[in-house]
Amino acid sequence: MSIEVRKLNKTFNGFKAVQDISLKLESGSLVALLGPSGSGKSTLLRMIAGLEIPDSGEILLTGREATFVSAKERNVGFVFQHYALFKHMTVYENIAFGLRVRNQSEAEIREKVHNLLSLIQLSGFEKRYPSQLSGGQRQRVAVARALAPSPEVLLLDEPFGALDAKVREELRDWILKLHEESKVTTLFVTHDQNEALEVASRILIMNHGKIEQDGTPIEIFDHPATHFIAQFVGETNYIDTEVTEKGLAVWGPFRFPINPSFTKGQKVRIYFRPHDVYVTEQFETLQVKAKIKKTRFKGTVIEYLLDIGEGKSIFAQVPKGVALASGFKDGLDVYAAITAFHVFPL
Amino acid sequence: MRFKSTGVLPGFGLSMGFTLTYLSLIVLLPLAALILKTTTLTWPQFVDEVTSPRVMASYRLTFGASLIAAVINSIFGAVVAWILVRYDFYGKRVVDALVDLPFALPTAVAGITLTAIYAPNGSIGKLFKPLGISIAYTPLGVTLALIFIGLPFVVRTLQPVLESLDPEIEKAALSLGASRWYTVTRVVLPSLIPAWITGFSLSFARAVGEYGSVVFISGNMPMKTEITPLLIITKLEQYDYAGATAIGVVMLFISFTLLLAINWVQDKAGQHRVIH
């Protein structure tokens, strides 16, 4: 089932949660709605599910107008952040709920629930109550419950938000696998960019109730469309300077060739990622002198705070192997170059 | 009995010992004295005493009216609790405070006030008189007084449970295709049941033992509007201590059995809460 949203608006007590959003999701896609808290992403998701009513705009499911169709009739599966399992029901009854509502026969229900239990790897847990399950297990039951009535769309609201890192990663892989097998159109909300970058084939980034960028993970990461995205997705350095002459901005010892459309004297902000700072011990080419001020171990990479003179400093990240081989340490004189950057007018 | 592993607080043995001693002093000792006094009667005397028609009529009224009052409180108390938890309205704090009033008001004051209002010449009693319904000095009045004093128990036991009831649960049911009615009956109400039973039993227990507010509105007509606690007082006033304790023992037995049964039902209903 495809999802289409046209000029959707929602205001809560004067707060514009969702402003004029339009989007279209193809049937079978796996899309992430990424944004900071309060950006309106959950509200958008809930309106698609029929849990909130939009102030204006249209929602089309499989091309059919569904703006005011009740949640009950949308055939949309919804997974809540805090599971929202029925505490007084067993795992079996939780998953069976959507089927009982539809008056399916006991035999059909049993077969379906058992299939889902094996899908979520919780066979043998049917008699447990939610309080007897771990967070990850509860969330899997919540997904199974949402999938039971065979929805055409699966919506997940921060599905892994309340879980610890290890479990999150497992469930991430699991959701990917589930989507590959079921091909249910899936839209999930997250504030965790790694989750979005890793799982989704397409990411919609929301901020202040609007979609700021819509693209593949690579597009979003390498070509941020706005200031906000440049700062929000991935780690970045940013510096404020002004255009020195047509096609060039200078900041400290660094020279940034920029688009000639910027006018001389215009204030700009330049973003560059720490891993796009190329650091060597020996001067190679086009590099500037720097001194390592601080070292921070970050697992696969090591981060350095580089003093580049004039009281200015930048962050650089070097793969651990390279850093160890080069013998980088605090106080060492090195050479640095910025290999990729983005310029936005201020 | 299920002994949980000791948590932050040390000394299971010490605290258990204290609990038993404390309960013995406060609850068991007076009860033992009650039973001891009763044993001054012979068995036939005892049976005579506790099964005389007047006493039997009082049991029916006391337990019957208490049961009806508890049922009514369970329904309307739930509505009050729901409104207080789920909605914001002007004067909510006042309403919230009003709920506790039956706790704080001396029961005699409550009784006199209710009688004044519901008596045939009272402001509300007047309205019912032409319809041929009298409230004060009838079992209806007794029930009314018992509803009054039992209300806070249901509201106050349901309130915290309703507060912890995630509204998302209802949304989840709706998104799974359930109707509103189905959601309320299969999702919301069942998760309230353990607390509801507690509220019901507290309200019931309070009503069974209530004396102060009832004696004014009931009119205390033998065989008609005489409650068991009043009979006990009457016997005491006639220096029939053994007779009074005999009835007391019977009340104790019935109440204890009922509460035990209610606890058992609650345990069954609350199974899903056992492990956290």
Side-chain angles (χ1 to χ4, degrees), chain A residues 13 42 45-52 69-91 93-104 127-134 141-151 153-158, chain B residues 2 4-5 7 74 78 82 85-90 157-200 264-276:
Chain A
N13 299 324
S42 286
L45 198 74
R46 295 172 81 95
M47 287 194 287
I48 295 172
L51 300 176
E52 303 280 357
V69 172
S70 72
K72 187 181 151 187
E73 283 150 41
R74 287 192 195 200
N75 206 14
V76 163
F78 199 96
V79 177
F80 294 81
Q81 183 179 4
H82 298 288
Y83 328 123
L85 292 176
F86 307 129
K87 291 196 190 81
H88 62 286
M89 291 185 197
T90 59
V91 167
E93 285 304 319
N94 264 285
I95 299 174
F97 189 87
L99 304 171
R100 290 209 191 287
V101 167
R102 288 169 175 76
N103 289 319
Q104 298 206 358
K127 293 212 175 91
R128 302 268 192 109
Y129 285 95
S131 58
Q132 295 164 289
L133 302 178
S134 72
V141 172
V143 174
R145 184 180 67 176
L147 287 174
S150 310
V153 174
L154 186 61
L155 304 175
L156 303 107
D157 189 2
E158 299 265 4
Chain B
R2 209 178 296 114
K4 289 190 180 139
S5 61
S74 298
W82 182 264
V85 170
R86 281 295 169 87
Y87 299 98
D88 270 316
F89 52 89
Y90 187 74
T157 46
L158 277 182
Q159 240 176 334
V161 182
L162 280 173
E163 266 158 19
S164 67
L165 193 70
D166 187 0
E168 296 279 76
I169 300 272
E170 294 147 51
K171 300 258 182 187
L174 291 178
S175 82
L176 287 165
S179 62
R180 273 166 179 275
W181 174 249
Y182 195 95
T183 305
V184 170
T185 53
R186 303 293 175 89
V187 176
V188 179
L189 295 186
S191 43
L192 297 182
I193 282 175
W196 217 342
I197 295 172
T198 305
F200 172 85
W264 182 79
V265 171
Q266 192 177 20
D267 236 34
K268 289 274 141 197
Q271 255 174 356
H272 61 278
R273 289 165 196 274
V274 173
I275 301 166
H276 279 279

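Every chain is numbered from 1 and lettered A, B, ... according to where its sequence line falls, protein lines coming before strand lines.
Proximity to chain B (any heavy atom under 4.5 Å) is restricted, for A:A146, to the backbone atoms N, CA, C and O. Both the backbone and the side chain of A:R100 come within contact range of chain B, with heavy atoms under 4.5 Å apart. At a 4.5 Å heavy-atom cutoff, A:L155 makes no contact with chain B through either its backbone or its side chain.
The CG atom of A:L51 sits 11.5 Å away from atom CD of B:E170, with the distance rounded to the nearest 0.5 Å. Atom NE2 of A:H82 and atom CD1 of B:I169 lie 11.5 Å apart (nearest 0.5 Å).
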Assess whether side chain to side chain contact (heavy atoms under 4.5 Å, CB included) is satisfied between A:F86 and B:L176, documenting all intermediate values. CA-CA 12 Å; A:F86 307 129; B:L176 287 165; 4.2 Å; yes
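Comment: B:R186 does not engage A:E93 in a salt bridge, judged by the lack of any side-chain N to carboxylate O separation of less than 4.0 angstrom.
Contacts of A:F78 classified as ring-ring contact (aromatic ring centres under 6.0 Å, His included), with partners at least two apart in sequence or in another chain: A:F80. Qualifying side-chain contact (heavy atoms from CB on, under 4.5 Å) partners for B:W264, counting only residues two or more places apart in sequence or in other chains: B:K268.
A:K87 has its side chain out of reach of B:S191: every pair of non-hydrogen atoms, C-beta onward, lies at least 4.5 Å apart. In this structure the side chain of A:V76 never reaches within 4.5 angstrom of the side chain of B:S175, judged on heavy atoms.
Side chain of A:R102 to main chain of B:A178: no donor-acceptor pair is present (N/O by atom type, distance under 3.5 Å, no hydrogens or angles).
Ranking A:E73, A:R145, A:R74 against chain B, the residue ahead of the rest is A:R145, based on heavy-atom pairs under 4.5 Å.
Between A:K72 and B:S179 the shortest heavy-atom distance is NZ-CB, 4.1 Å.
Around the CZ atom of B:R180, the shell of radius 6.0 Å holds no more than 12 heavy atoms that belong to other residues, nucleotides or ligands. More than 12 heavy atoms of other residues, nucleotides or ligands shown are found within 6.0 angstrom of CZ on B:F89.
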